[in-house]
**Student:** 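Sending over a structure as structure tokens; questions will come in a sec.
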There are 2 protein chains.
Amino acid sequence: MKRVGIKDVAREAGVSPTTVSLVLNGQSARIPDTTRDRVRRVATEIGYAPNSVARSLRTQRTHTIALISDRIATTPFAVEMVQAAQDVAREHGYLLLLVNTDGDHDVEREAVDALLSRQVDGMVYACMWSQVVDVPAGLPAGTVFLDGRPAGGGFPAVMPDDRAGAMAAVQELVDQGHTRIAYIDAGEEPVPIASRLRHEGYLEVLRRAGIEPDPSLRVEASITTAAGGVAAAGELLDRPPAQRPTAIFCFNDRVAMGAYRAARHRGLEIPTDLSVVGYDDQQFIAAELDPPLTTVALPHYEMGRWAMQVRLGVLAAPTENDGVHLMPCPLIRRESVAPPPAQHPAPAGDGE
Amino acid sequence: MKRVGIKDVAREAGVSPTTVSLVLNGQSARIPDTTRDRVRRVATEIGYAPNSVARSLRTQRTHTIALISDRIATTPFAVEMVQAAQDVAREHGYLLLLVNTDGDHDVEREAVDALLSRQVDGMVYACMWSQVVDVPAGLPAGTVFLDGRPAGGGFPAVMPDDRAGAMAAVQELVDQGHTRIAYIDAGEEPVPIASRLRHEGYLEVLRRAGIEPDPSLRVEASITTAAGGVAAAGELLDRPPAQRPTAIFCFNDRVAMGAYRAARHRGLEIPTDLSVVGYDDQQFIAAELDPPLTTVALPHYEMGRWAMQVRLGVLAAPTENDGVHLMPCPLIRRESVAPPPAQHPAPAGDGE
DNA sequence: TTGAAAGCGCTAACAC
DNA sequence: GTGTTAGCGCTTTCAA
């Protein structure tokens, strides 16, 4: 049983392959309805399905976009970027070729070559941690960077607006009356771009609020497990009252989870005794903590959409800011923030 | 600047395209070394890269496998299956086409057609929750089911061995001396296959241990959030001492997280006052709980590998058990299990 | 040992 | 309006 081809349809319908092609590709403006309908009917009757490979060879378009990512499994929210990219691709009749390189440059190179050889119509290069990344050799022009920026620029890129996100988080704390706000920063190599950006946002809000930043309030922690947060927050909470923070802004939700634990071990209630804000809005964590964690969401889905839309030409690539689009990170208010406890007065001279 | 093709290489090397093809495809057994080397040198010099589309049209093989999944973003461990499938594909020179259908049958149908039209060499159909699934129309023979089984059979499939996994979990509890072991089951529609299987495993272990199962010890909970676990475990823990369990086997880690919370609110220590075992070994949750949760791991990576290996013919499809392969779920021992507290004696007549 | 020629299934000039 | 023809870039008989 042979596959049915365009010739079979043509023969059955008593027309030429050209006519079939014209009809089936919507170019049937100049073809009478009777012919058109007959061709269509025959096509479905005999179960004709065009061979995309042949079409691609002829048209030089594969309707396929490749998504190259350095890692996909290590971070659970990464899937949202893939999901978004896939959704947009599908909306526009494209298919997604997924390649995972584990950050290995050789694999990356090979992947790019293989993809090029397959004539993909475009690529999106996704980094699962916001970073400046080396551009793989041979990466075609127009490739969109997702959650990372290419060293040297030259490609459109989308990243979370970590600075603004951090500002929203810290502002929330300031608005509640906190003045001693600690920042548990990422203490691991390589330091994520986000680390610097969020710290900047943190300082900026303090500055605007007229709060003198206390450098001792910025501590570093391992950000991969809650244990890092336990240690860092513990150190902060064990300080004498005057030097102790009343609120902690954490680099991510896992660190915040550790901060919760450190607080609990010391008999401190959240948010009455200590306010905590996280970052990431990590699925199954932020909302599930007790109390639910106020945090800043990373717009992975939106970034994924943006990247694919730009790659597909649906959205224009940004011309300003070196081609980098900053996606807003919304503050998610839950129940881990409250005004500071009364027994922690504002620094000397500022009391009522 | 035109793409360089096989003809260009042939011309530069002073041979025919046939020879180039032969050399570059390793069929060069009968071609003298000098010719071979020259062809290779010229090819790299002028940067020749074969056009896979043309090759596919000719050979009728695309070296592409499609992974269709009903949903990818909703469950964070799903990525491991995708990752595994991609890894295996790459190991064998294949690329992965990823399609997400959100469980929509129309989308599924369309996707299968599009994939067939693209001449993919095979498909893997992944379900993100172990279930019996309707086979999409037109799904080609040989498609492998991943984490789900096709209604009606007829396709190779791999699923977690939930029954054995549950047995390992409950056995762990029995070994520690527990006799009043509760099971917080999934209380949502549609009831996952895993629910029945794990309950069976639970009952089987009790039976073998000579423990009369107490039906009141099986309660249902919403399994999507920790809140469901809080309520179910709370109800269990508020019972009078004689009817209260000393250990809880939870349908998943999120429920276990809720059980932790319910216990803590009642001043109960884990594992001294209450032992808890989860299921899933969910990333960033199980290991991060305080104390770290003993649980059963879902072998997503292994299942993903298996599926792709079978699809690629590297592994033979199972002939027994209706083509379904059961992947072992290892017990991950952490710190949430201990012997029951002394004040809960074994049922009357069984004391020392 | 190498080359000529056919053709994978389709689309698009161009002719009629 | 519709058909003829010529490829897209490669592999693979078959012949030399």
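For clarity, every value in this text was computed on a predicted model and none was experimentally measured. Just so we're on the same page: letters track the sequence lines, and every chain starts at 1.
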**Student:** Report the residue (B/Val15 or A/Ala49) whose heavy-atom-nearest nucleotide on DNA chain C is the more 5′ of the two.
**Tutor:** B/Val15
**Student:** I need the CZ-P distance between A/Arg118 and D/dC10, as an integer number of Å.
**Tutor:** 15 Å
**Student:** Bend across the helix from C/dT1-D/dA16 to C/dC16-D/dG1, to 10°, with axes taken over 5 pairs at each end?
**Tutor:** 40°
**Student:** Tell me whether the side-chain N or O atoms of B/Thr18 pair up with the base of D/dT12 as donor and acceptor below 3.5 Å, since no angle test is needed here.
**Tutor:** yes
**Student:** Going by side-chain hydrogen bond (donor to acceptor under 3.5 Å, both in side chains), name the pairs with one or both residues in residues 313-326 of chain A, residues two or more places apart or in two chains.
**Tutor:** none
**Student:** If a pair satisfies side-chain hydrogen bond (donor to acceptor under 3.5 Å, both in side chains) and one of its residues is in residues 14-23 of chain A, list it, with sequence neighbours excluded.
**Tutor:** A/Ser16-A/Thr19, A/Ser21-A/Asn25
**Student:** Please give, in whole Å, the distance from D/dG9 P to A/Leu116 CG?
**Tutor:**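 Roughly 15 Å, once rounded to whole Å.
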**Student:** Under 4.0 Å, counting only non-hydrogen atoms across every strand here, what does B/Val53 touch: a base, just sugar-phosphate, or nothing?
**Tutor:** nothing
**Student:** Pick base, sugar-phosphate or nothing for B/Ser21, based on heavy-atom distances below 4.0 Å to the nucleic acid.
**Tutor:**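 Result for B/Ser21 = base.
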**Student:** In this structure, how many angstroms lie between the C1' atom of C/dG3 and the CD1 atom of B/Ile6, rounded?
**Tutor:** 13 Å
**Student:** Whole angstrom is fine here: how far is it from CG in B/Leu22 over to C1' in C/dT2?
**Tutor:**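 It is 9 Å, rounded to the nearest whole Å.
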**Student:** Looking at the side chain of B/Asn51, which of D/dG9, D/dT11, D/dG3 is the nearest nucleotide?
**Tutor:** D/dG9
**Student:** Enumerate the side-chain hydrogen bond (donor to acceptor under 3.5 Å, both in side chains) contacts for residues 302-318 of chain B, please, sequence neighbours excluded, ordered by first and then second residue.
**Tutor:**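 Every side-chain hydrogen bond (donor to acceptor under 3.5 Å, both in side chains) pair that includes a residue of residues 302-318 of chain B, provided the two are not neighbours, is B/Glu91-B/Arg305.
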**Student:** Scan A/Ser52 against the nucleic acid and name what it touches under 4.0 Å (heavy atoms): base, sugar-phosphate only, or nothing.
**Tutor:** nothing
**Student:** I want to verify a distance call: between D/dG3, C/dT11, D/dT11, whose nearest atom is closest to the A/Arg55 side chain?
**Tutor:**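 Of the candidates, C/dT11 comes closest.
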**Student:** Counting only side-chain N and O atoms of A/Thr35, is one of them less than 4.0 Å from OP1 or OP2 of D/dG1?
**Tutor:** no
**Student:** In residues 56-63 of chain A, which residues come under 4.0 Å of DNA chain C by heavy atom?
**Tutor:** A/Arg58, A/Thr59
**Student:** A/Ser117 and B/Ser52: side-chain donor and acceptor closer than 3.5 Å?
**Tutor:**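 Yes - a donor-acceptor pair under 3.5 Å links their side chains.
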**Student:** Regarding C/dA4, can its base be found pairing with the side chain of B/Ser16 as donor and acceptor, where the two atoms are less than 3.5 Å apart?
**Tutor:**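 Absent.
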**Student:** Hey, is A/Arg11 close enough to A/Asp8 for a salt bridge, meaning N to O under 4.0 Å?
**Tutor:**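 Between A/Asp8 and A/Arg11 there is a salt bridge, with a charged N closer than 4.0 Å to a carboxylate O.
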**Student:** Looking at residues at least two apart in the chain, or sitting in another chain, which of them share a ring pair (Phe, Tyr, Trp, His ring centres under 6.0 Å) with B/Tyr125?
**Tutor:**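 Ring pair (Phe, Tyr, Trp, His ring centres under 6.0 Å) list for B/Tyr125, sorted by chain: B/Phe145.
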**Student:** Rounded to whole Å, please give me the gap between CG in A/Asn25 and P in C/dA13.
**Tutor:**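 A/Asn25 atom CG is separated from C/dA13 atom P by 13 Å.
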**Student:** Applying salt bridge (charged side-chain N to carboxylate O under 4.0 Å, His left out), name anything that partners A/Asp102, two or more places apart in sequence or on another chain.
**Tutor:** none
**Student:** So which pairs with a foot in residues 32-70 of chain A pass ring pair (Phe, Tyr, Trp, His ring centres under 6.0 Å), sequence neighbours left out?
**Tutor:** A/His63-A/Tyr94
**Student:** Atom CG of A/Leu24 to atom C1' of C/dC10: distance rounded to whole Å?
**Tutor:** 12 Å
**Student:** Can a donor-acceptor pair be found between the side chains of B/Thr101 and B/Asp70 at a distance below 3.5 Å?
**Tutor:**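 No donor-acceptor contact under 3.5 Å links the two side chains.
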**Student:** Could you check which of D/dC10, D/dT2, C/dC10 has an atom nearest any side-chain atom of B/Tyr48?
**Tutor:**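 From the listed options, D/dC10 comes nearest.
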**Student:** What's the NZ-C1' distance between B/Lys7 and C/dG3, to the nearest Å?
**Tutor:** 15 Å
**Student:** Check ring pair (Phe, Tyr, Trp, His ring centres under 6.0 Å) between B/Tyr301 and all other residues, then give those that pass, not counting sequence neighbours.
**Tutor:**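 None.
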